[in-house]
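The chains referred to below are lettered A, B, ... by the order of the sequence lines, with proteins before strands, and numbering in each begins at 1. Reckoned from all heavy atoms, side chains included, excluding hydrogens, waters and symmetry mates. As the structure is a prediction and not an experimental result, all values here were calculated from the model.
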Amino acid sequence: MKIMLNGEAEETGAETLAQVLIAFGFGGAKVATALNGNFVAAINREAAELQEGDRLEILAPMQGG
Amino acid sequence: MRHFYGTTLANPLMLGTAKYPSPAILADAFKRSGASVATVSLRRESGIDLAGQDFWQMVRQLGVHILPNTAGCHTVKEAVTTAHMAREMFDTPWIKLEVIGEEDTLQPDVFGLVEAARILSKEGFQVFPYTTEDLIVADRLLNAGCEVLMPWGAPIGSGLGLNNTFGLRTLRAHFPDTPLVVDAGIGLPSHACAAMELGYDAVLLNTAVAKAGDPAAMAQAFANAISAGKAAAQANPIEKRDMAVPSTPVIGKAFLS
């Protein structure tokens with residue numbers, strides 16, 4: 001299915017948020033996630049099923065003021 | 001002594017982590033500044049280089065309190081969602097709450113700010129709201145659950161200093177028990193010193209150090225200025241007067257004319 005991952009169109013066979021993280025190289029990385037604008041806690045990623053056209057945000061610590 | 005949600009800062013400086021020439025210079029600047037708090041943000045991560053992971057390791061090694069921000073958020077929903085993500089990421093209830101209302105000045109949307117602060121405070125966040133020096137907004141933020149206020153000195157990154165000293169002094173006078181932090185707009189150590197002389201509890205800055213020609217040396221200059229300003233405030237400065245008052249005693253002056 002097609003999803004938007006950090007603003008980029010991607011094709012994936014992953015069915016859950018947890019699977020997407022592994023598929024796109026985030027396995028083990030310290031990230032925070034949001035699906036369609038809503039925060040998804042790490043403990044809920046396995047249960048977060050993806051739908052066609054979902055918008056996924058994967059964020060990490062970054063410089064800030 | 002006023003504290004920040006139960007935390008006393010060894011040094012009343014909160015320093016940003018953005019815009020430094022290199023991670024090594026950032027670390028050196030933090031060391032020289034003696035800052036007790038580092039502000040950080042959340043941004044999109046790449047699954048290819050995972051740049052955020054290295055940054056996080058470096059910041060953790062600074063050994064300071066972490067204050068995540070909601071920089072760049074323009075709506076209550078954006079800010080609240082970002083705060084949720086930050087709490088999980090950084091494992092802290094602290095959040096520097098920014099709800100930006102206007103692009104050119106990066107002036108806070110104080111209406112959205114109060115709404116977001118109320119939501120987050122109810123959820124157990126310890127909110128550090130980036131606000132203006134407006135007294136009524138300050139009162140609303142305190143009613144919303146904030147126990148710290150962070151009025152701007154001037155627009156973010158402008159280096160203009162304290163644009164409204166009167167307003168900042170008035171805020172200090174109206175809320176004598178509330179920890180106050182001048183956040184944003186500081187360009188020189190003298191600005192930070194002035195904020196501390198007003199009786200503020202800390203200053204938060206980033207660009208003035210990070211974009212200086214020698215960030216580490218500027219960090220040291222800020223540390224000195226903040227220390228001087230804090231000491232001056234504790235020493236109870238004299239009141240200003242419009243008329244001159246001779247320093248030298250008049251009594252005993254010779255009559256020579």
Just wondering, more than 12 heavy atoms not from A:E15 lying within 6.0 Å of its CD?
no
Chain A contact via B:E78 - side chain, backbone, both or neither, heavy atoms under 4.5 Å:
neither
Between A:M62 and B:R44, which heavy-atom pair has the shortest distance, and what is it?
CE-O, 4.1 Å
Compare all side-chain heavy atoms of B:M85 with those of A:V31 and state whether any distance is below 4.5 angstrom.
no
Of the backbone (N, CA, C, O) and the side chain (C-beta and beyond), which part of B:L50 lies under 4.5 Å from a heavy atom of chain A, both, or neither?
side chain
Separation of B:E45 CD from A:L21 CG (nearest 0.5 Å):
11.0 Å
Shortest non-hydrogen separation from B:A18 to A:G65 and the atoms involved
CB-N, 4.4 Å
For the candidates B:T81, B:N206, B:L26, B:T17, which exhibits the highest count of non-hydrogen atom pairs separated by less than 4.5 Å from chain A?
B:T17
Using heavy-atom distances under 4.5 Å, tell me whether B:T82 contacts chain A through its side chain, its backbone, both, or neither.
neither
Tell me whether B:E88 contacts the main-chain N or O of A:A42 through its side chain, where contact means a donor paired with an acceptor under 3.5 Å.
yes
Please classify the contact between A:F24 and chain B as side chain, backbone, both or neither, with a heavy-atom cut-off of under 4.5 Å.
backbone
Please check if the number of heavy atoms outside B:D49 that lie under 6.0 Å from its CG is greater than 12.
yes
Counting only heavy atoms from other residues, nucleotides and ligands, does the tally under 6.0 Å from CD of A:E49 exceed 12?
no
Does B:Y5 have more than 12 heavy atoms from other residues, nucleotides or ligands lying within 6.0 Å of its OH?
yes
Here the pair of heavy atoms bringing A:P61 nearest to B:M89 is CD-SD, 3.5 Å
Neighbour count >12 (heavy atoms, 6.0 Å) for atom CD, B:Q57
yes
Between NE2 on residue B:H84 and CG on residue A:N38, distance to nearest 0.5 Å:
10.5 Å
I'd like to verify something: which residue of B:A38, B:A51, B:S41 has the highest number of heavy-atom pairs under 4.5 Å with chain A?
B:S41
Can you establish whether the number of heavy atoms outside B:K31 located under 6.0 Å from its atom NZ is more than 12?
no
Side-chain heavy atoms of B:Q53 within contact of A:K30, under 4.5 Å:
yes
